[in-house]
Amino acid sequence: MARPLSLTTDDHGMTSTAAFYLLQAGGGSAPSPLFQLGIQFALILAIFYFLMIRPQQKQRRQHEESLRNLQKGDEIVTTGGIIGQVVHIRETMKDGAAVKSMDDQVTIKSAESRLIVERGRIAKVTSGKRVEASASTTSAS
């Protein structure tokens with residue numbers, strides 16, 4: 001006849017099942033399941049903020065700063081993929097002073113054409129000085 005298996009006990013005389021139930025109980029004053037769910041939700045939001053939202057905001061601020069520092073002679077790439085060189089920037093005037101906004105008109109030269117684009121529609125800025133410096137270092141090596 002088959003005998004029932006006895007539960008093994010450790011040195012302290014507690015069965016593994018009893019230890020499992022004690023761990024699940026949390027020592028008597030278990031927080032509510034809604035509170036635990038709230039903590040998990042807050043941790044997920046914190047992870048998303050620090051891994052996704054914050055770096056994107058930093059990258060956006062850097063891009064806007066590079067657009068505000070746009071100068072004549074800079075090489076740019078528009079969001080439509082047109083590559084050109086800045087010829088003229090028409091800044092908006094407010095109270096008699098030039099204000100750099102994303103709606104400013106930027107005239108670029110691409111091959112034999114001149115185009116006018118908004119400052120906010122520029123995807124990438126490559127300074128003309130940096131292009132010349134990198135070209136001179138590659139030719140020296």
Side-chain angles (χ1 to χ4, degrees), residues 2-141:
R3 292 184 330 174
L5 295 174
S6 64
L7 294 174
T8 59
T9 59
D10 53 22
D11 296 333
H12 302 292
M14 183 183 301
T15 64
S16 59
T17 309
F20 175 75
Y21 285 131
L22 279 176
L23 287 173
Q24 288 295 320
S29 62
S32 71
L34 188 59
F35 179 72
Q36 290 177 351
L37 181 67
I39 295 226
Q40 290 175 354
F41 189 65
L43 286 173
I44 289 171
L45 285 177
I47 290 170
F48 270 105
Y49 176 76
F50 284 109
L51 292 179
M52 294 178 68
I53 297 169
R54 191 171 174 217
Q56 286 178 353
Q57 288 176 345
K58 184 178 177 184
Q59 185 180 19
R60 182 181 47 84
R61 276 189 236 118
Q62 288 175 345
H63 178 67
E64 286 178 1
E65 184 66 27
S66 70
L67 290 180
R68 282 191 184 91
N69 294 331
L70 191 65
Q71 296 176 356
K72 202 174 185 181
D74 286 348
E75 296 284 329
I76 64 161
V77 179
T78 65
T79 53
I82 299 172
I83 301 171
Q85 185 176 18
V86 176
V87 176
H88 177 73
I89 302 172
R90 177 192 256 170
E91 296 177 347
T92 56
M93 301 297 279
K94 185 174 183 181
D95 298 330
V99 178
K100 295 180 180 181
S101 72
M102 294 300 136
D103 295 331
D104 294 342
Q105 293 182 354
V106 178
T107 305
I108 63 171
K109 182 176 105 175
S110 178
E112 299 298 320
S113 302
R114 290 183 186 254
L115 305 166
I116 298 175
V117 296
E118 289 181 346
R119 188 187 300 246
R121 303 294 180 229
I122 296 173
K124 184 178 175 184
V125 178
T126 307
S127 177
K129 296 172 188 168
R130 282 186 254 156
V131 170
E132 293 169 7
S134 65
S136 64
T137 56
T138 56
S139 63
S141 45

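For reference, positions follow the sequence shown, starting with 1.
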For the atom pair CZ (Arg114) and NZ (Lys109), what is the distance rounded to the nearest 0.5 Å? 6.5 Å

Using atom types as modelled and distance alone, determine if a side-chain donor or acceptor of Lys100 lies under 3.5 Å from a backbone N or O of Arg68. yes

Given side chain to side chain contact (heavy atoms under 4.5 Å, CB included), test Gln57 with Arg60 step by step and report yes or no. CA-CA 5 Å; Gln57 288 176 345; Arg60 182 181 47 84; 4.3 Å; yes

Is the NZ atom of Lys124 crowded by more than 12 outside heavy atoms at less than 6.0 Å? no

Quick check: closest heavy atoms across Ser110 and Ile83, and the distance to 0.1 Å? OG-O, 2.8 Å

Residue pair Ile89, Arg119: steps toward the side chain to side chain contact (heavy atoms under 4.5 Å, CB included) verdict: CA-CA 9 Å; Ile89 302 172; Arg119 188 187 300 246; 3.2 Å; yes

Hey, is the main chain of Phe35 close enough, under 3.5 Å, to the side chain of Ser32 for a donor-acceptor pair? yes

Interatomic distance, CZ@Arg121 vs OG1@Thr78, rounded to 0.5 Å, equals 11.0 Å

Assess whether atom CG of Leu34 is packed by more than 12 heavy atoms of other residues, nucleotides or ligands within 6.0 Å. no

Rounded at 0.5 Å granularity, tell me how far CD in Glu91 sits from CD in Gln105. 12.0 Å

Go through the steps to decide whether Ile108 and Ile122 satisfy the test side chain to side chain contact (heavy atoms under 4.5 Å, CB included), and finish with yes or no. CA-CA 11 Å; Ile108 63 171; Ile122 296 173; 5.8 Å; no

Any chance you could lay out the side chain to side chain contact (heavy atoms under 4.5 Å, CB included) test for Lys58 and Gln62, step after step, and finish with the verdict? CA-CA 6 Å; Lys58 184 178 177 184; Gln62 288 175 345; 3.9 Å; yes

Once rounded to the nearest 0.5 Å, what's the spacing between atom CD of Gln40 and atom CD1 of Ile44? 7.0 Å

What's the separation between atom CD1 in Ile116 and atom NE2 in His88, rounded to the nearest 0.5 Å? 9.0 Å

So, Thr92 side chain and Val99 main chain: donor-acceptor pair closer than 3.5 Å or not? yes

Interatomic spacing from CG in Asp104 to CG in Leu70 - rounded to 0.5 Å: 9.5 Å

